[in-house]
Amino acid sequence: MRLLDRLEETLITLLMGGATVIIFFAVVHRYLSGMPIPGVQDWLIALHFGWAQEVCIYMFVWMAKFGAAYGVRTGIHVGVDVLINALNPRNRARFVIFGLLAGATFTAIVGTLGATFVWENGAHYAIFRFLGLPTGDVPPGPTTPDLEVSTWIVYSAVPLGSYLMCFRFLEATVGFVRTGELPHHDHGHVEGIDETDPPVPGEKA
C-alpha cells in the first residue's frame, strides 16, 4: 500500500513539475523568438515547440485524474456536511458509508466506461499487435494532432485514475468502519516536517 501511495505521489509530482518546466521554456522561447538578436533569433525560430501545448494539456489531464484519487486518500474530497454531523452517531455513520460507497460506485462506472472507450479506441489493436495476435478488422485508432501518439494512451487516464479513485473510496470506507474516522487533510502541516514542541526559554533548541 505504501508503494502505491508513493507511486501516486511521484506521478503527480512529475506531471506537475514537467508541465511547469515545458510551459516555462515554451513561453521563454516564444518571447525571445520575437527579439531581433543576430544568430540567436534564427536558431530559436528553428526550434519547434508546437507540441508543448498539446503535451501539457495531456499532462494536466493525467494529473487531475490521479490528483482526484490522491484527494480522496488524504481527505480533501471526503467530507461530512453540517446536516450529517447533526445526526446521532449511528445515522451519521450510515450516511457517511452511503456517501463513500456512492463515490466508489460512480468512479467504478466512469472507470468501466472509460476502459471500454479506450479498448475500442485503439488499445484493442495495439495489445493484439504487441502479442502477435491477428487484429482482423479492428482499426488502429486515431492519433493526436501534434505528437501523433495513439489517443487511447492519453485517454487511459480516465479508467486508471477512476479505478484508483474507486479504490481510495473503498479504502476510506473500510477505514471508517474500523475506526469511525474519515481521512483528514491538515492544510497547516508540511510534508517532511515533524511537529515538535517549541523550545523552552533558556534552553537550546
Side-chain angles (χ1 to χ4, degrees), residues 1-30 33 44-78 100 102-172 183 191:
M1 194 68 66
R2 182 170 296 180
L3 178 62
L4 178 61
D5 296 346
R6 183 61 61 184
L7 179 62
E8 181 182 61
E9 295 168 358
T10 302
L11 179 61
I12 295 172
T13 302
L14 291 177
L15 289 171
M16 184 181 299
T20 302
V21 171
I22 292 174
I23 291 174
F24 172 78
F25 280 106
V27 171
V28 171
H29 171 264
R30 181 177 300 180
S33 297
L44 290 174
I45 292 176
L47 296 177
H48 178 62
F49 271 87
W51 51 267
Q53 181 177 359
E54 182 177 293
V55 73
C56 285
I57 291 174
Y58 299 150
M59 292 176 76
F60 277 113
V61 169
W62 276 73
M63 182 178 61
K65 292 301 297 182
F66 284 88
Y70 173 82
V72 175
R73 176 168 68 88
T74 58
I76 297 175
H77 294 312
V78 181
L100 293 173
T105 303
F106 174 76
T107 50
I109 293 174
V110 173
T112 302
L113 293 176
T116 302
F117 178 79
V118 167
W119 180 258
E120 297 175 351
N121 203 57
H124 184 181
Y125 176 88
I127 295 174
F128 272 46
R129 187 177 181 184
F130 177 78
L131 297 176
L133 300 175
T135 57
D137 296 332
V138 178
T143 58
T144 61
D146 294 327
L147 299 175
E148 296 184 354
V149 176
S150 298
T151 56
W152 71 267
I153 298 177
V154 179
Y155 298 146
S156 295
V158 176
L160 293 176
S162 298
Y163 281 138
L164 180 58
M165 197 173 180
C166 176
F167 172 76
R168 295 303 188 188
F169 271 118
L170 295 175
E171 185 180 43
E191 293 292 338

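We're numbering straight along the sequence, starting at 1. Since the model is a prediction, treat every value here as computed from it, not as a measurement.
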I'd like to check the side chain to side chain contact (heavy atoms under 4.5 Å, CB included) partners of Arg2; sequence neighbours left out, ordered by chain and number.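 Side chain to side chain contact (heavy atoms under 4.5 Å, CB included) check on Arg2 returns nothing, list empty.
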
If the condition is side chain to side chain contact (heavy atoms under 4.5 Å, CB included), which residues does Leu7 pass it with, not counting sequence neighbours? none

From the options Val27, Val28, Thr20, Val21, select the one residue that forms a side chain to side chain contact (heavy atoms under 4.5 Å, CB included) with Phe24.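 Among Val27, Val28, Thr20, Val21, the one meeting side chain to side chain contact (heavy atoms under 4.5 Å, CB included) with Phe24 is Val28.
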
Residues which pass ring pair (Phe, Tyr, Trp, His ring centres under 6.0 Å) with Phe128, listed by chain and number, not counting sequence neighbours: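 Scan of Phe128 (ring pair (Phe, Tyr, Trp, His ring centres under 6.0 Å), adjacent residues dropped) gives His124.
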
Quick one: list whatever passes ring pair (Phe, Tyr, Trp, His ring centres under 6.0 Å) with Trp62, sequence neighbours left out.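 Phe66.
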
As a quick check of understanding, evaluate side-chain contact (heavy atoms from CB on, under 4.5 Å) for Phe117 and Leu113, giving each step before the final call. CA-CA 6 Å; Phe117 178 79; Leu113 293 176; over 6 Å; no

Hey, what do you get for CG (Leu11) to OH (Tyr70), rounding to the nearest 0.5 Å? 13.0 Å

Kindly compute the distance separating OG1 (Thr105) from CZ (Phe169), expressed to the nearest 0.5 Å. 10.0 Å

Identify the heavy atoms of Met59 and Gly18 that sit nearest to each other, and give their distance. CE-C, 3.7 Å

Considering all heavy atoms of both residues, which atom of Ala52 and which atom of Ile22 are nearest to each other, and what is their separation? CB-CG2, 3.8 Å

Donor-acceptor pairs are to be reported for all side-chain atoms of residues 138-164 against protein atoms at under 3.5 Å, with residues two or more places apart or in another chain.
from   : atom 1 : to     : atom 2 : distance (Å)
Thr144 : OG1    : Glu54  : OE2    : 3.0
Thr144 : OG1    : Glu148 : N      : 3.0
Thr144 : OG1    : Val149 : N      : 3.0
Thr151 : OG1    : Asn121 : ND2    : 2.7
Thr151 : OG1    : Pro142 : O      : 3.3
Ser156 : OG     : Trp152 : O      : 2.6
Ser162 : OG     : Lys65  : NZ     : 3.1
Ser162 : OG     : Val158 : O      : 2.7
Tyr163 : OH     : Thr112 : N      : 3.2
Tyr163 : OH     : Thr112 : OG1    : 3.0

Of all residues at least two apart in sequence or in a different chain, which pass the salt bridge (charged side-chain N to carboxylate O under 4.0 Å, His left out) check with Glu8?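 By the salt bridge (charged side-chain N to carboxylate O under 4.0 Å, His left out) rule, Glu8 matches Arg73, Arg168.
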
